[in-house]
Amino acid sequence: MTAAARPEQAANSAGLELSDAEFASLSQMIHRETGIVMAPSKRALLQSRLYKRLRSHGLDSFGAYCALLESGDGQFERREMISAITTNVTRFLREPHQFRELREEVLPPLLEHAQNGGRLRIWSAGCSTGEEPYSLAFTLLDLLPEATRHDIRILATDLDPNVIRKAEAGRYPTESLAPFSPEARQDHFRPTGDGFSEVRDKARRLVTFRVLNLLDDWPFRGDFDVIFCRNVVIYFDDATQRRLWTRFAGVQTRPGARLFIGHSERLSDEARPYYRLNRGASYVRTDRDVPQQDTQPARAGADRSA
Ligand SMILES: C[S@@+](CC[C@H](N)C(=O)[O-])C[C@H]1O[C@@H](n2cnc3c(N)ncnc32)[C@H](O)[C@@H]1O
């Protein structure tokens, strides 16, 4: 393998290593912008992921790269830097038991309500390249093939514009469709003949993709019947996680609404009055109102009273 193909090695051999001060400055910037905590053990990972960004600007030191990020022209590069450091791992029907719960318990009454003229809203928060919200759309369509004729929408958001672009393209390697039955594959995908398959229009029409940083203002009003926010907050500090759970409760005002989180995540004690554990990583909204001030955006690490 060439040095260029192994960025971490190449960085070291060229003497391009993150100094303590540069690592501290980058991890503070990442935390401020995203809520993501960069533990000291992540230093080599950060260095290797950002090495490509340095090269793309023809820079020869992390010092110069940090100066670019902090400069007046650094806004574009700050977004690219965040895109480079976020973990976007996802897959179709990830944690299948949650989709089973959705299909068997959660959706039937909600779909009946929608068929009687009601509205149904689902939010996939931190949707990465789209496998999660499309899996939600397919689950809806399997239960109600004419779902697009009713007031049913899935909002799918992520901080990273690059993953949102891929999600909107709705084009996936055919081998990644393995979790689906042959019938479901046929119903929801169109093979493009080059080892890829495209999501069919029906599912696309149910999903709206938007770039959204969960730490920022949410430019929509609730109410979400179902929120999926899985494997996102696990990278955040505790305070940011706590605020987020409570903010979710603020956009899920209907008792009985559902919140699904990642299997290695847990709701903080502060959010417990608003959600009761159903099973595993699925929660049910209680009837407790969220005080208005607890629904406001708060930057990572910022004092709530600031
Ligand atoms: C590991 S993926 C999870 C994808 C999907 N939810 C799943 O479980 O398969 C985490 C996603 O969270 C996004 N993310 C990280 N910090 C975020 C923030 N502050 N606001 C919105 N999205 C964020 C990342 O860009 C990434 O795409």
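Treat the numbers as computed from the prediction; the structure is a model and nothing was measured. Just so you know, these numbers use all the heavy atoms, side chains as well, and skip hydrogens, waters and symmetry mates. Indexing begins at 1, ligand by ligand and atom by atom, following the structure's order.
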Query raised in the report: Is it the case that Thr192 and Asp194 place a side-chain donor and acceptor less than 3.5 Å from each other?
Result: yes

Report task. Assign the ring pair Phe189 / Phe92 to parallel, tilted or perpendicular, where the plane angle (0 to 90°) is split at 30° and 60°. Result -> perpendicular

Query raised in the report: Going by the angle between their ring planes, with limits at 30° and 60°, are Phe248 and Trp245 parallel, tilted or perpendicular?
Result: tilted

**Report entry** Residue contacts for ligand 1, heavy atom to ligand atom, distance under 4.0 Å
**Finding:** Thr34, Ile36, Thr86, Thr87, Asn88, Val89, Thr90, Arg94, Gly126, Ser128, Glu132, Asp158, Leu159, Asp160, Leu212, Asn213, Leu214, Arg230, Asn231, Val232, Phe236

Requested in this report: Find out whether Val199 and Tyr172 are in side-chain contact, i.e. whether some heavy atom of one side chain is under 4.5 Å from a heavy atom of the other.
Outcome: yes

Report summary line: Exactly one candidate in Glu77, Met81, Arg78 meets side chain to side chain contact (heavy atoms under 4.5 Å, CB included) with Leu68; the answer is Glu77

Requested in this report: Please say whether more than 12 non-hydrogen atoms of neighbouring residues, nucleotides or ligands are located less than 6.0 Å from CD in Glu146.
Outcome: yes

